[in-house]
Amino acid sequence: GHSIGGEIYAKKSLFDDILTLGLNWSYVQRKSFNRNPDGSLTYTSEFITHPRQLINFNVLFAPQKEWNISFNGSVQTSRYAQINVGSQQTPIYDYAWLPSVVFFDIAGNYFITDSLRLSLGAYNLLDKNYNYSTTNATAGGLPGRRLFVSLDWKF
């Protein structure tokens, strides 16, 4: 198979860098092929397991050097996921359509020093789990809402 795609990114700072807006759009088309019984190849694109389009945006509010608040969002277009509708002992694979999803994350950052940062935030504010159910199987087990605290040290 093969992939083609591209990405466009824009960033704008306002009010002496107190507010920074970022936006990017990515497009990827992945085509795979199946070998037919007669040996010929049939190219397919409908069973992609990655979103064809991604739209990401970021808002950074930084009124002081010591702290900021970051708000991120992502839109991923619909895709297919391979699922096992059988059992672990006797797998039967099928494809399930997963709808487009929207993620929103927020983080507050406090810079203790230039190389030490304390962060507190939440991923996936809109949904608790993002597990898509099909007839008798679950596909696309994307992570649900998560809270985090981190201490990052650059050295």
Side-chain angles (χ1 to χ4, degrees), residues 1-33 43-85 87-88 91 93-134 137-155:
H2 67 275
S3 297
I4 60 170
E7 183 172 5
I8 297 172
Y9 176 74
K11 182 177 177 181
K12 177 67 177 168
S13 292
L14 304 166
F15 313 113
D16 294 325
D17 295 334
I18 291 175
L19 185 65
T20 304
L21 308 174
L23 177 70
N24 82 313
W25 171 74
S26 301
Y27 175 85
V28 176
Q29 184 180 44
R30 294 186 172 157
K31 289 190 175 183
S32 59
F33 60 87
Y43 284 89
T44 60
S45 61
E46 62 269 25
F47 292 117
I48 56 174
T49 56
H50 294 18
R52 186 169 284 183
Q53 295 185 66
L54 295 171
I55 300 168
N56 299 301
F57 64 89
N58 174 267
V59 176
L60 181 66
F61 176 65
Q64 296 181 356
K65 180 184 174 191
E66 293 81 18
W67 66 275
N68 65 43
I69 297 174
S70 176
F71 182 72
N72 304 297
S74 181
V75 177
Q76 300 179 8
T77 57
S78 61
R79 61 187 172 97
Y80 285 87
Q82 188 178 38
I83 60 169
N84 179 4
V85 294
S87 65
Q88 285 187 336
Y93 293 106
D94 196 0
Y95 288 91
W97 179 78
L98 304 180
S100 298
V101 294
V102 178
F103 297 99
F104 289 106
D105 307 328
I106 191 166
N109 302 294
Y110 177 71
F111 297 89
I112 300 167
T113 67
D114 286 343
S115 59
L116 190 61
R117 177 183 69 184
L118 176 65
S119 299
L120 172 65
Y123 296 114
N124 194 3
L125 294 172
L126 297 182
D127 198 332
K128 291 181 182 176
N129 55 33
Y130 276 131
N131 278 327
Y132 300 106
S133 294
T134 58
T138 300
L142 300 170
R145 186 178 307 135
R146 300 167 323 266
L147 300 176
F148 70 88
V149 175
S150 69
L151 186 63
D152 300 302
W153 177 42
K154 288 194 270 184
F155 58 95

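Every value quoted in this text rests on a predicted model; they were computed, and no experiment measured them.
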Looking at Ser70 and Ala107, would you say the former's side chain and the latter's main chain have a donor-acceptor pair under 3.5 Å? no
I need the minimum non-hydrogen distance between Ser119 and Arg117, along with the two atoms involved. OG-NE, 3.4 Å
Heavy-atom closest pair, residues Gln76 and Leu54: CG-CD2, 3.1 Å
Are Ile112 and Leu118 close enough that some pair of their side-chain heavy atoms sits under 4.5 Å apart? yes
Answer yes or no: is there a side-chain heavy-atom contact under 4.5 Å between Leu23 and Asn56? no
In Å, rounded to the nearest 0.5 Å, how long is the span from OG1 of Thr20 to CG of Asn58? 8.0 Å
Ignoring hydrogens and angles, tell me if any N or O in the side chain of Ser78 forms a donor-acceptor pair with the backbone of Ser100 under 3.5 Å. no
Distance col, row Ser74:OG vs Ile55:CD1, nearest 0.5 angstrom, shows 8.5 Å
Given side chains that start at C-beta, do those of Phe111 and Asn68 come closer than 4.5 Å, heavy atoms only? yes
Separation of Leu60 CG from Leu19 CG (nearest 0.5 Å): 8.0 Å
Once you measure the plane-to-plane angle for Phe57 and Phe71, does it fall in the parallel (<30°), tilted (30-60°) or perpendicular (>60°) bin? tilted
Going by heavy atoms in the side chains, are Phe148 and Tyr123 under 4.5 Å from each other? yes
Which is it for Trp25 and Glu7 under the side chain to side chain donor-acceptor pair (under 3.5 Å) test, yes or no, and what are the steps along the way? CA-CA 6 Å; Trp25 171 74; Glu7 183 172 5; over 6 Å; no
Are the side chain of Asp105 and the backbone N or O of Asn124 linked by a donor-acceptor pair below 3.5 Å? yes
From CG (Leu147) to CD1 (Ile106), nearest 0.5 Å: 11.5 Å
In this structure, are over 12 heavy atoms from other groups packed under 6.0 Å from Phe15 atom CZ? no
Is there a side-chain contact between Lys65 and Asp114 (heavy atoms, below 4.5 Å)? yes
Sub-4.5 Å side-chain heavy-atom contact between Leu151 and Leu116: yes
As an exercise, state the distance from CD of Gln53 to CD of Gln29, rounded to the nearest 0.5 Å. 10.5 Å
Could you state the interatomic distance from CG (Asn24) to OH (Tyr9), rounded to the nearest 0.5 Å? 7.5 Å
Heavy-atom side-chain proximity of Ser115 to Trp153 below 4.5 angstrom: yes
Heavy-atom side-chain proximity of Phe61 to Val59 below 4.5 angstrom: no
